[in-house]
2 protein chains.
Amino acid sequence: MVIRMSNQEMREPTFFVLASLADGRKHGYGIIKDASELSEGRVALKVGTLYAALERLQAEGLVIATGDEVVGGRLRRYFELTEPGAASLAEESERQELNAKRARDRLKQRASRVAASTKTASA
Amino acid sequence: MVIRMSNQEMREPTFFVLASLADGRKHGYGIIKDASELSEGRVALKVGTLYAALERLQAEGLVIATGDEVVGGRLRRYFELTEPGAASLAEESERQELNAKRARDRLKQRASRVAASTKTASA
DNA sequence: TGATATATATCGACAGTCGTACTATGGTCA
DNA sequence: TGACCATAGTACGACTGTCGATATATATCA
């Protein structure tokens, strides 16, 4: 298992793969469907991206394969979130929330500055 | 000016370039310093990344160059956030906050599930 | 019969970032 | 004086994760 530096940004598709699996055991296509719902259609995971991400996340130990099943004549590869995977998702969520908060604070200040300068300019 | 699809993820370094400029007019190296402070040392913008991002953001109209100045014998290239740039940053912040919230909700549910199954297993 | 949904595999292209090396000035310190 | 560091920007090859497209196969529905 490859140990990966934390403190490194996680891309949105990868984030949604973990977030989807936080809901419970799922197979590839199920993750795609779920991520789409979870994000209200905004995130459409591409198959290539998904399976590449699953391989990578397995290698990092954030996800484990929990058996293949044949349902309706079709193969399904199931996956589950590991504890490190859950921790990683939690960390990433926190980071994003912090970043968003910092940006919004600055935008707020900026908005009042812009309002003030507009007032000055028109005066 | 290239129009770029919204609904597309923004990478962390790019996000911090915009967030830094939301604070006001800055030159390249100033952005690096500010981004580092703003993120409590977590985000260390690389020079290559920064100037590439600034070129790109200019082409997208999210940032404008507002004059070069020579201070202490050294060239400084100054930049400012545009209104579309501020809007883009706001949108991105909102998206990240939403994603983080969704992930945390699921992790919370998962935590109670895990606690329940542990209890069952030990009973 | 053909279209659509489910389900996975594979692979080249691409964008943004990283890492490193380079030029150049000014200040500090031994 | 020379060595070193912080500031400031340029340049470019390598890398990673995602995209886009193609392929295979089964079940269902019109």
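So that the names make sense, note that chain A is the first sequence line, chain B the second, and so on, each numbered from 1.
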**Q** Rounding to an integer number of Å, can you tell me how far A:Glu9 CD sits from D:dT18 C1'?
**A** 12 Å
**Q** Taking atom P of C:dA7 as reference, at what distance in whole Å does atom CD of A:Glu69 sit?
**A** 11 Å
**Q** Which residue is it: B:Leu81, B:Leu62, B:Thr82, B:Leu21? I am looking for the one with a side-chain contact (heavy atoms from CB on, under 4.5 Å) to B:Leu57.
**A** B:Leu62
**Q** Rounded to the nearest Å, what distance is computed from the CD1 atom of residue A:Ile31 to the C1' atom of nucleotide D:dT18?
**A** 16 Å
**Q** Measure across B:Arg113 and A:Gly24 and return the closest heavy-atom pair with its distance rounded to 0.1 Å.
**A** NH2-N, 3.9 Å
**Q** Work out which heavy atom in A:Tyr51 is nearest to a heavy atom in A:Tyr29; give both atom names and the distance.
**A** OH-N, 3.9 Å
**Q** After noting the C-alpha distance and the side-chain angles of B:Asp23 and B:Leu38, does the key distance pass the side chain to side chain contact (heavy atoms under 4.5 Å, CB included) rule?
**A** CA-CA 10 Å; B:Asp23 191 44; B:Leu38 179 61; over 6 Å; no
**Q** Are B:Arg11 and D:dG17 close enough that a side-chain N or O sits under 4.0 Å from OP1 or OP2?
**A** no
**Q** Check this for me, if you would: do B:Arg42 and A:Glu94 make a salt bridge, where the nitrogen-to-carboxylate-oxygen distance has to be below 4.0 angstrom?
**A** no
**Q** Any protein N or O atoms within reach of nucleotides 5-9 of chain D? Criterion: under 3.5 Å, listing atom names and distances.
**A**
from: D:dT7; atom 1: OP1; to: B:Lys33; atom 2: NZ; distance (Å): 3.3
from: D:dT7; atom 1: OP2; to: B:Lys33; atom 2: NZ; distance (Å): 2.5
from: D:dT7; atom 1: O2; to: B:Arg74; atom 2: NE; distance (Å): 2.8
from: D:dA8; atom 1: OP1; to: B:Arg76; atom 2: NE; distance (Å): 2.7
from: D:dA8; atom 1: OP1; to: B:Arg76; atom 2: NH2; distance (Å): 2.4
from: D:dA8; atom 1: OP2; to: B:His27; atom 2: NE2; distance (Å): 3.2
from: D:dA8; atom 1: O3'; to: B:Leu75; atom 2: O; distance (Å): 2.7
from: D:dG9; atom 1: OP1; to: B:Arg77; atom 2: N; distance (Å): 2.4
from: D:dG9; atom 1: OP2; to: B:Gly28; atom 2: N; distance (Å): 3.4
from: D:dG9; atom 1: OP2; to: B:Tyr29; atom 2: N; distance (Å): 2.9
from: D:dG9; atom 1: OP2; to: B:Tyr51; atom 2: OH; distance (Å): 2.5
from: D:dG9; atom 1: O5'; to: B:Tyr51; atom 2: OH; distance (Å): 3.0

**Q** Between B:Arg110 and A:Glu80 (salt bridge meaning N to carboxylate O under 4.0 Å), is one present in this structure?
**A** no
**Q** Within the 4.0 Å heavy-atom criterion, would you say A:Gly73 contacts the bases, only the backbone, or no part of the nucleic acid?
**A** sugar-phosphate
**Q** Rounded to whole angstrom units, what separation is found between the CD atom of B:Glu12 and the C1' atom of C:dA15?
**A** 17 Å
**Q** From the options D:dG17, C:dT17, D:dC19, select the nucleotide whose nearest atom is closest to the side chain of B:Thr14.
**A** C:dT17
**Q** Whole Å only: how far is the CD atom of B:Gln8 from the C1' atom of C:dA15?
**A** 9 Å
**Q** Find the distance A:Lys46:NZ to C:dA7:C1' and express it as a whole number of Å.
**A** 17 Å
**Q** With no hydrogens and no angle check, do the side chains of A:Glu12 and B:Asn99 hold a donor and an acceptor under 3.5 Å apart?
**A** yes
**Q** Between A:Thr49 and D:dC19, does any side-chain N or O lie under 4.0 Å from OP1 or OP2?
**A** yes
**Q** Measure the distance from CD on B:Glu55 to P on C:dG16 and round it to the nearest whole Å.
**A** 13 Å
**Q** Could you give the CG-to-P distance, from A:Leu45 to D:dG17, as a whole number of Å?
**A** 15 Å
